[in-house]
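These figures come from a predicted structure and were not determined experimentally. Nothing fancy with the numbering, it's 1 onward along the sequence.
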Amino acid sequence: SRTGQCAELRYVTPGGSTLVDFPERLGPEALITLRLMVWRYEQPFPARLQAGLGARPQLEVSFDPPVEAQVEVSADGGYLHIRPLDFLAPGETYTLSIQANYFATGLRLGNLTLSGHAEGEIQQQFRFQVEKLQAAPFPLEIGEQHNGAVEWTRLSAVLPTMLPSLNQIGFDYMDWIVAPVYQGAPDSNGRRRMVLLAAGALRDEQGVLRVDPHSEMLLPLSGESLGEAFIVSNEEFHLPITGIDIPFRLFELRGRLDAEGATLPGASVYAETRVLGIPNFGWRMALAGLANNVAEKLLVAGTYLTRPYPADGPANQKPAGVQVSAVTYRPPSRSQGGEVRAQFMIEAGVSLPAESQRACILLVDAAQIRAVALDYSHLHTVETDANGSLSSVTLSLPRGTVLPPNLTAVVILGVYPLHSQAISQEMVA
């Protein structure tokens, strides 16, 4: 490095705090974000981890023992996101090694700097141990009468640093109920594939969180749990946030839950979006320099909270006196759309009012234990009887939709999986 100049990478918590020391311990699900910090003559000096527009960062990232990970540099070159593609081994000690060039000067346009020259090099190692698993199993299970659920709230997108000023109020207003709707069997290590459903919710007059039947927020999340840790995600989908239809390449939640369902420290959210596909604001974000290579993609990192949802809550109970009497299937083709339709049978004296109940159908690749990628928020229609009770729910399948061979339809009321049925040719309507 130049005389009087020093540079280092420092750990950034999911909540956005920069720490002087790298944590001694991380959870098995950890996402690692590092911040470049450069000083010249003890004064902060502007520098970044990439040379400019279209240039590849000159860096090497490795773990010992080896870990397969996605490595991304933020648009402004100030942050390094290291995303392990699997759980880190509980109890294992890792050494993270990073060698990188950093750059300075250039033409500044908003959050983006064009061109510039090599300023110095960083060689740094971080040694940490992965937390051991707790004895308690993952708290979200599907039971015969109810399933475990959590309230998901306070989504906080802290990076890029400009993003909270644009829409943090919009993130804060969202409340979800999240629960498992399809699960595989755990392996010998307690690792388990699962599909969670996150449904937009509102509080009633008593302050109880209920699934909002009119919410556009209906998001399946596929992934795995390992002990109390989990990594779940969805890819290539659109999600309306504060009325803006955002096209996500990836949306991922990582965290650990205590026995009641509250998040332990270190919960992280990571997302990639097609910035120019964001209505109204995408090109403005690109001009502000928030996207990699000006307009390629927007990387977002942050955190969130969960709270236990009551075991006797209204959203996660198997409704008494309600059954699915039939499921029919019409497969989509290249020229015509298809559908999956579920009919309800309701006992005398039981009501399932459409204005307060949300019914939906989730399609799952049973072999992969992964939700089929569809726009579940906008593809559902319901029918009611003369009393206003739900009589059926239909999931429309757009023409050209490609479906896996091992397909299962999960009929859900609120966030409880009322009925699961494998799709077969005998069901074709």
Quiz item: Would you say R203 has more than 12 foreign heavy atoms packed within less than 6.0 Å of its CZ?
Solution: yes

Quiz item: So, are E383 and R341 salt-bridged, with charged N and O less than 4.0 Å apart?
Solution: yes

Quiz item: S377: what forms a side chain to side chain donor-acceptor pair (under 3.5 Å) with it, not counting sequence neighbours?
Solution: none

Quiz item: Does the pair K297/E72 count as a salt bridge with the N-to-O cut at 4.0 Å?
Solution: yes

Exercise. Indicate yes or no: at least one non-hydrogen side-chain atom of P319 is less than 4.5 angstrom from one of L418.
Key: yes

Quiz item: Any donor and acceptor pair, going by atom type alone, linking the side chain of S215 with main-chain N or O of D212 inside 3.5 Å?
Solution: no

Quiz item: Where the side chain of Q317 meets the backbone of A311, is there a donor-acceptor pair that is under 3.5 Å apart?
Solution: yes

Quiz prompt | Q183 side-chain N/O to L140 backbone N/O, donor-acceptor pair under 3.5 Å | solution = yes

Quiz prompt | Min side-chain heavy-atom separation T13-L19 under 4.5 Å | solution = yes

Quiz prompt | F230 and L257: CA distance, side-chain angles, deciding distance, side chain to side chain contact (heavy atoms under 4.5 Å, CB included) verdict | solution = CA-CA 8 Å; F230 65 92; L257 299 178; 3.8 Å; yes

Quiz item: Can you check whether A262's main-chain N or O pairs, donor with acceptor, with D258's side chain at less than 3.5 Å?
Solution: yes

Quiz item: Is the closest basic N to carboxylate O distance between R191 and D86 below 4.0 Å?
Solution: yes

Practice problem: Inspect the contact between E141 and R192 and indicate whether a charged nitrogen and a carboxylate oxygen are less than 4.0 angstrom apart. | Solution: yes

Quiz prompt | CD (E68) with more than 12 external heavy atoms under 6.0 Å | solution = no

Quiz prompt | Under 3.5 Å: donor-acceptor pair, side chain of Q124, backbone of L9 | solution = yes

Exercise. Using a strict cut-off of less than 4.0 Å between a Lys/Arg side-chain nitrogen and an Asp/Glu carboxylate oxygen, indicate whether R83 and E252 qualify as a salt bridge.
Key: yes

Quiz item: Any donor and acceptor pair, going by atom type alone, linking the side chain of N316 with main-chain N or O of H146 inside 3.5 Å?
Solution: no

Exercise. Would you indicate whether the side-chain heavy atoms of Y304 and S156 approach each other to under 4.5 Å?
Key: no

Quiz item: Would you find a donor on one side and an acceptor on the other, under 3.5 Å apart, between the side chain of T408 and the backbone of S420?
Solution: no

Practice problem: State plainly whether the residues R254 and E29 are in salt-bridge range, i.e. N to O under 4.0 Å. | Solution: no

Quiz item: In terms of the angle between their ring planes, are Y94 and F128 parallel, tilted or perpendicular, with boundaries placed at 30° and 60°?
Solution: parallel

Quiz item: Do F344 and V393 touch side chain to side chain, with heavy atoms closer than 4.5 Å?
Solution: yes

Exercise. Go through the side-chain N and O atoms of Q125 and S97 and say whether any donor and acceptor fall under 3.5 Å apart.
Key: yes

Exercise. Check whether any side-chain heavy atom of V73 sits under 4.5 Å from a side-chain heavy atom of L59, and report yes or no.
Key: yes

Exercise. Determine the interplanar angle of the F251 and F248 rings, folded into 0 to 90°, and report it as parallel if under 30°, tilted if 30 to 60°, perpendicular if over 60°.
Key: perpendicular

Quiz item: When you measure from the side chain of D204 to the backbone N and O of Q206, does any donor-acceptor pair fall under 3.5 Å?
Solution: yes

Exercise. Decide yes or no for D365 and L403: does some side-chain heavy atom of the first lie under 4.5 Å from some side-chain heavy atom of the second?
Key: no

